[in-house]
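Scope of the values below: all heavy atoms of this structure, side chains included, with no hydrogens, waters or symmetry mates. Residues take their numbers from the sequence shown, with the count starting at 1.
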Amino acid sequence: NIFFIPEFHMLRIAEFACYRKGRLGKILNMKVMLIGAGAVGCTVMNKLMKVSDFTLIVDPERKQRYSNGIYYNGEKLEVVMKTPEEADEKADLLILATKNFHLDDAIEEAKPFVGPTTVLLPILNGIDAEGKLADVFGEDKVLYGFITDLSSNHQGVETTCFSEGTIIFGEKNNAVSERMKNIAEL
């Protein structure tokens, strides 16, 4: 589930909101990219692959490591992976789901995929990710976010998830923006 908080009110997005009449095509065309395929990232990736044009951004070493597949609850995920050197399009939404101590590397990997209209959504641990992203890409590109109630375990290329959690996100000033509404539709 994805939530956003406008002025501290939560809007629940139904599990199948994307299937409402007229919305499926728009959402499936949203270019969503993610950096970080650990316990959090893999869980988010599993859902977003089904409702968007999804790409996992990886470094060359990880691309090699994942070449035989990434598994989520025992199922092999058919995921498109690109390294920064293979960047051939810009993200509409780029989610960062790394550990905070990998944020600087993730920022460098993200650069080729960030365009004029890209929205960045960090859902990693720590309290300074939004500030670091704003310093590099501009404050107007960054949403504030975190994930809660997630219970998953990641070993090698396999993630086992017990509870998918909830992404909570919003604008720095608590305004309800069009980009928040579009992302919430996912």
Side-chain angles (χ1 to χ4, degrees), residues 2 4 13 17-20 22-38 40-72 75-99 102-124 129-145 147 157 159 167 169-172 177-186:
I2 299 178
F4 69 86
I13 306 304
C18 62
Y19 293 101
R20 288 184 299 186
R23 295 294 302 159
L24 183 60
K26 181 178 180 185
I27 293 168
L28 287 175
N29 290 327
M30 184 180 279
K31 292 187 186 319
V32 178
M33 299 183 186
L34 179 131
I35 299 176
V40 171
C42 194
T43 301
V44 172
M45 175 173 59
N46 180 60
K47 292 198 125 199
L48 292 176
M49 287 175 54
K50 298 170 186 171
V51 296
S52 68
D53 178 0
F54 183 86
T55 301
L56 176 65
I57 300 170
V58 293
D59 61 31
E61 184 272 325
R62 279 190 174 79
K63 189 170 185 178
Q64 177 63 35
R65 185 181 338 153
Y66 299 150
S67 64
N68 291 322
I70 298 173
Y71 294 82
Y72 180 79
E75 178 184 334
K76 184 177 180 180
L77 300 179
E78 299 298 328
V79 61
V80 174
M81 291 182 276
K82 292 184 182 178
T83 66
E85 297 76 26
E86 297 169 323
D88 58 356
E89 58 189 349
K90 305 300 183 189
D92 294 319
L93 172 64
L94 197 154
I95 299 172
L96 294 100
T98 64
K99 297 286 189 198
H102 291 301
L103 180 59
D104 292 337
D105 291 337
I107 287 171
E108 289 305 310
E109 291 172 12
K111 284 180 178 178
F113 297 96
V114 175
T117 60
T118 301
V119 176
L120 302 168
L121 176 60
I123 56 170
L124 52 145
E130 293 86 359
K132 285 184 177 182
L133 290 167
D135 288 345
V136 175
F137 299 105
E139 193 171 281
D140 62 312
K141 292 198 168 305
V142 182
L143 290 175
Y144 283 65
I147 191 163
V157 297
T159 297
I167 295 174
F169 69 99
E171 298 286 357
K172 182 178 182 178
S177 63
E178 281 303 308
R179 67 184 185 171
M180 287 174 51
K181 291 176 185 177
N182 290 334
I183 293 166
E185 288 290 335
L186 291 171

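A distance of 4.5 Å separates CD1 in I183 from CG in L93, rounded to the nearest 0.5 Å. Expressed to the nearest 0.5 Å, how far CZ of F169 lies from CD1 of I147 amounts to 12.0 Å. Taken to the nearest 0.5 Å, the CD atom of E109 stands 10.0 Å off from the NE2 atom of H102. Atoms CD1 and CE, on I95 and M33 in that order, are 12.0 Å from each other to the nearest 0.5 Å.
For K111, the salt bridge (charged side-chain N to carboxylate O under 4.0 Å, His left out) criterion is met by E108, not counting sequence neighbours. Scanning for side chain to side chain contact (heavy atoms under 4.5 Å, CB included) contacts around N46 gives K50, Y72, L77, E164, with sequence neighbours left out. Partners of E85 by salt bridge (charged side-chain N to carboxylate O under 4.0 Å, His left out), not counting sequence neighbours: none found. By the side chain to side chain contact (heavy atoms under 4.5 Å, CB included) test, A110 pairs with I35, L94, V114, F137, sequence neighbours left out. By the side chain to side chain contact (heavy atoms under 4.5 Å, CB included) test, F54 is found to be paired with V32, L34, M45, L48, M49, S52, L56, V79, residues two or more places apart in sequence or in another chain being considered. For the side-chain hydrogen bond (donor to acceptor under 3.5 Å, both in side chains) test, residues two or more places apart in sequence or in another chain that qualify with K63 are E86. Applying the salt bridge (charged side-chain N to carboxylate O under 4.0 Å, His left out) criterion to K172, with sequence neighbours excluded, gives E139. Residues satisfying the side-chain hydrogen bond (donor to acceptor under 3.5 Å, both in side chains) test with E61, not counting sequence neighbours, are R65. Under the rule for a side chain to side chain contact (heavy atoms under 4.5 Å, CB included), T117 has no partner lying at least two apart in sequence or in another chain. In this view, K82 and D88, E89 satisfy the salt bridge (charged side-chain N to carboxylate O under 4.0 Å, His left out) rule, not counting sequence neighbours. Not counting sequence neighbours, the partners of T159 by the side-chain hydrogen bond (donor to acceptor under 3.5 Å, both in side chains) test are H154. For D59, the side-chain hydrogen bond (donor to acceptor under 3.5 Å, both in side chains) partners at least two apart in sequence or on another chain are R62.
Of all the heavy atoms in L96 and A106, the pair that sits closest is CD2-CB, 3.9 Å. Between T98 and L124 the shortest heavy-atom distance is O-CB, 2.9 Å. Across every non-hydrogen atom of A97 and I123, the tightest pair is CB-CG1, 4.0 Å. Of all non-hydrogen atoms in P122 and A129, the two that sit nearest each other are CB-CB, 4.0 Å. Among all heavy-atom pairs drawn from V142 and R179, the shortest one is O-NH2, 3.5 Å.
Counting only distance, with no hydrogens or angles, the side chain of K90 and the backbone of P112 share a donor-acceptor pair below 3.5 Å. Here the side chain of T118 pairs a donor or acceptor atom with the backbone of A91 at under 3.5 angstrom.
Looking at D92 and K31, no side-chain N of the basic residue comes within less than 4.0 Å of a carboxylate O on the acidic one, giving no salt bridge.
Proximity of M180 to L143: side-chain heavy atoms (C-beta onward) are separated by under 4.5 Å at one or more points.
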